[in-house]
Amino acid sequence: MAVLSLLLLGGLWSAVGASDMAVVTCGSVVKLLNTRHNVRLHSHDVRYGSGSGQQSVTGVTSVDDSNSYWRIRGKTATVCERGTPIKCGQPIRLTHINTGRNLHSHHFTSPLSGNQEVSAFGEEGEGDYLDDWTVLCNGPYWVRDGEVRFKHSSTEVLLSVTGEQYGRPISGQKEVHGMAQPSQNNYWKAMEGIFMKPSELLKADVHHAEL
């Protein structure tokens, strides 16, 4: 679904900063910034020439590239209701808006660094259990201004960027891969996007927990 059509959904959506509650919620469409290397998580209909041959996932410096939007969904075979705040420790899927494939990892070697390959997999948002990533953060919920890590639920690698750069046909884009060890290379932050408003009930629950 194009980002423009999401904007037309009206009251269900709020632009960044418009909600009075700074949590990241299911159904939101966001760009994710790797804070160490200042690149946004990106994909496009370009396949790896080695490894799995699946759709490549990279990091780009451009702020305006529409291929950097991802929709936050529940883990495989589940539904996460729109507006539900994402809890720290919760497994999710990230579905690439423009191609409908999910952020994915598996035991293939990444082409540049020799770490674990990260790809985009599936059709129209449906792939398999290797699309599930657990959100690692401090506190009860993933908040918009906080740094988080994404741990692959099956292989336990962390979504990372270490600076290796591709040549043609995706010159200047950085390799995104999975790494076993936590470091500054695997911190991410929600940036530009369209955030689903938390439900009134959930806002009340969170407010109660903070009292």
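Note that this is a predicted model, so its numbers are computed, not measured. Along the sequence shown, residues carry numbers from 1.
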message: Using 0.5 Å steps for rounding, measure from the NZ atom of Lys87 to the SG atom of Cys137.
response: 12.0 Å

- request: Using the test ring pair (Phe, Tyr, Trp, His ring centres under 6.0 Å), find all partners of His37 that sit at least two apart in sequence or belong to another chain.
  value: none

field: Contacts of type ring pair (Phe, Tyr, Trp, His ring centres under 6.0 Å), residue Tyr187, not counting sequence neighbours
entry: none

message: Between Trp188 (side chain only) and Leu41 (backbone N and O only), is there a donor and an acceptor less than 3.5 Å apart?
response: no

statement: In this structure, CZ of Arg93 is separated from CZ of Arg71 (nearest 0.5 Å) by 9.0 Å

message: Just to verify, what does Lys31 make a side-chain contact (heavy atoms from CB on, under 4.5 Å) with, not counting sequence neighbours?
response: Arg40, Ser68, Tyr69, Glu192

- prompt: Is there a side-chain contact between Asn38 and Thr61, using heavy atoms and a 4.5 Å cut-off?
  reply: no

- line: Contacts of Asp45 meeting side-chain contact (heavy atoms from CB on, under 4.5 Å) (sequence neighbours excluded), chain-then-number -> Gln55, Arg101

message: Holding to side-chain contact (heavy atoms from CB on, under 4.5 Å), I want the full list of residues that pass it with Pro182, two or more places apart in sequence or in another chain.
response: Arg149, Leu158, Asn186

query: In the hydrophobic clustering (ILVMFWY, side-chain contacts below 4.5 Å, transitive), which residues join Val63, or is it alone?
result: none

task: Can you measure from CG (Leu130) to CG (Leu103) and round to the nearest 0.5 angstrom?
output: 11.5 Å

message: Could you work out, with side-chain contact (heavy atoms from CB on, under 4.5 Å) as the rule, every residue matching Val143, not counting sequence neighbours?
response: Val23, Asp145

- request: Kindly state each residue pair satisfying disulfide bond (SG atoms under 2.5 Å apart) with at least one member in residues 28-65, sequence neighbours excluded.
  value: none

query: So which pairs with a foot in residues 52-66 pass salt bridge (charged side-chain N to carboxylate O under 4.0 Å, His left out), sequence neighbours left out?
result: none

Results of salt bridge (Lys or Arg N to Asp or Glu O under 4.0 Å) for Arg73 - residues two or more places apart only: Glu126

Whether Ser43 side chain and Ser56 backbone form a donor-acceptor pair below 3.5 Å: yes

task: Check whether any side-chain heavy atom of Ser160 sits under 4.5 Å from a side-chain heavy atom of Asn115, and report yes or no.
output: no

- prompt: NZ/Lys189 to CG/Leu32 distance, rounded to the nearest 0.5 angstrom?
  reply: 12.0 Å

Set of residues satisfying ring pair (Phe, Tyr, Trp, His ring centres under 6.0 Å) with respect to His104, sequence neighbours excluded: His106, Phe121

query: Any side-chain donor-acceptor pair under 3.5 Å between Asp131 and Thr76?
result: no

Please output the side-chain donor-acceptor pairs of residues 163-172 that fall under 3.5 Å, not counting sequence neighbours, one pair per line with the distance.
residue: Glu164; atom: OE1; partner: Thr162; partner atom: OG1; Å: 2.4
residue: Glu164; atom: OE2; partner: Thr162; partner atom: OG1; Å: 3.2
residue: Ser171; atom: OG; partner: Arg168; partner atom: N; Å: 3.3

- prompt: How many angstroms lie between NE2 in His107 and CD in Gln116, if you round to the nearest 0.5 Å?
  reply: 5.5 Å

query: Are side-chain heavy atoms of Val60 and Asn67 found at a separation under 4.5 Å?
result: no

